[in-house]
Amino acid sequence: MKVVTVREVVAEDLTNVTMKTLFDASLFDGARTKFGKVIIPPGARVPDEGMGAHDEDEYSFILQGTIKSVSGGKEYRVSAGEATFIPKGEEHYAYNDGDEDCIIIFSLVKR
């Protein structure tokens, strides 16, 4: 078993967003999953501009707050207690237009 304490993980260098990868291939040789936590404060957007896409499927669970997301050309509103799936290659972004941090647990999974 490997235990990781979130507060001890160094955040990735992103504008206004705190993203911490808890598990990925750097910890486990041959791992096909990246697992982490992201905090998107009010007014922040991921990515900062344009659209993003991954070579992996993205699974997310919203722990707190609400986020507006555009994925595959459609707009969604996702709130605490809801989960999302974005297939690999699908362009998307997320914007916190609410008044509290949006906290998300995510997993990127290679097929």
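Note that CD1 of Ile62 is 5.5 Å distant from SG of Cys102, once rounded to the nearest 0.5 Å. For the atom pair CZ of Phe106 and OH of Tyr59, the computed distance is 14.5 Å after rounding to the nearest 0.5 Å. Taken to the nearest 0.5 Å, the NZ atom of Lys37 stands 13.5 Å off from the CZ atom of Phe61. For the atom pair CG of Leu108 and CG of Asp57, the computed distance is 9.0 Å after rounding to the nearest 0.5 Å.
In this structure, Pro42 and Asn96 approach most closely via the heavy-atom pair N-ND2, 3.5 Å. The two atoms that bring Glu75 and Lys68 nearest to each other are OE2-CD, 3.6 Å, heavy atoms only. Of all non-hydrogen atoms in Lys20 and Ala11, the two that sit nearest each other are CG-CA, 3.9 Å. A pairwise comparison of heavy atoms in Ile86 and Ser71 identifies CG2-OG, 3.7 Å as the closest pair. Residues Ala44 and Tyr95 share a closest heavy-atom pair of O-CD1, 3.3 Å.
In terms of modelled atom types and a separation under 3.5 Å, the side chain of Lys88 and the main chain of Lys110 share no donor-acceptor contact. Judged by distance alone, the side chain of Arg45 and the main-chain N or O of Gly50 form a donor-acceptor pair under 3.5 Å.
Between Leu14 and Asn16, the closest side-chain pair of non-hydrogen atoms is not below 4.5 Å. With contacts defined as side-chain heavy-atom distances shorter than 4.5 Å, the pair Thr66/Val78 does not qualify.
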- [ ] Would you sort out whether Val38 and Thr18 count as a side-chain contact (heavy atoms from CB on, under 4.5 Å), showing the intermediate values?
- [x] CA-CA 6 Å; Val38 63; Thr18 302; over 6 Å; no
Open item on the list: Val70 vs Met51, test: side-chain contact (heavy atoms from CB on, under 4.5 Å). Steps then yes/no.
Closed with: CA-CA 9 Å; Val70 172; Met51 304 290 269; 4.2 Å; yes
- [ ] For the pair Glu58 and Ser107, evaluate side chain to side chain donor-acceptor pair (under 3.5 Å) and give the outcome as yes or no after the intermediate values.
- [x] CA-CA 6 Å; Glu58 179 180 328; Ser107 186; over 6 Å; no
TODO: Carefully, step by step, assess Arg111 and Asp55 under the rule salt bridge (charged side-chain N to carboxylate O under 4.0 Å, His left out).
DONE: CA-CA 9 Å; Arg111 292 185 195 188; Asp55 291 331; over 6 Å; no
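Side-chain contact annotation: Thr84 with Glu82, donor-acceptor N/O pair under 3.5 Å absent. In this structure, a donor-acceptor pair under 3.5 Å is absent between the side chains of His54 and Glu90.
When Ile39, Asp101, Ile104 are each tested for a side-chain contact (heavy atoms from CB on, under 4.5 Å) with Gln64, only one passes: Asp101.
Ionic pairing of Asp24 and Arg32 is not present here: no N-O contact between side-chain nitrogen and carboxylate oxygen is shorter than 4.0 angstrom.
Linking ILVMFWY side-chain heavy atoms closer than 4.5 Å, directly or via other members, places Phe23 and Val6 in a single hydrophobic cluster. Residues Tyr76 and Phe85 are members of separate hydrophobic clusters, defined by side-chain heavy-atom contacts under 4.5 angstrom among Ile, Leu, Val, Met, Phe, Trp and Tyr. The hydrophobic clustering, which links ILVMFWY residues whose side-chain heavy atoms are closer than 4.5 Å, places Val9 and Ile105 together. Grouping the Ile, Leu, Val, Met, Phe, Trp and Tyr side chains by contacts below 4.5 angstrom, directly or via other members, places Leu63 with Val4. A chain of hydrophobic side-chain contacts below 4.5 Å, direct or via other Ile, Leu, Val, Met, Phe, Trp or Tyr residues, connects Leu22 to Ile103.
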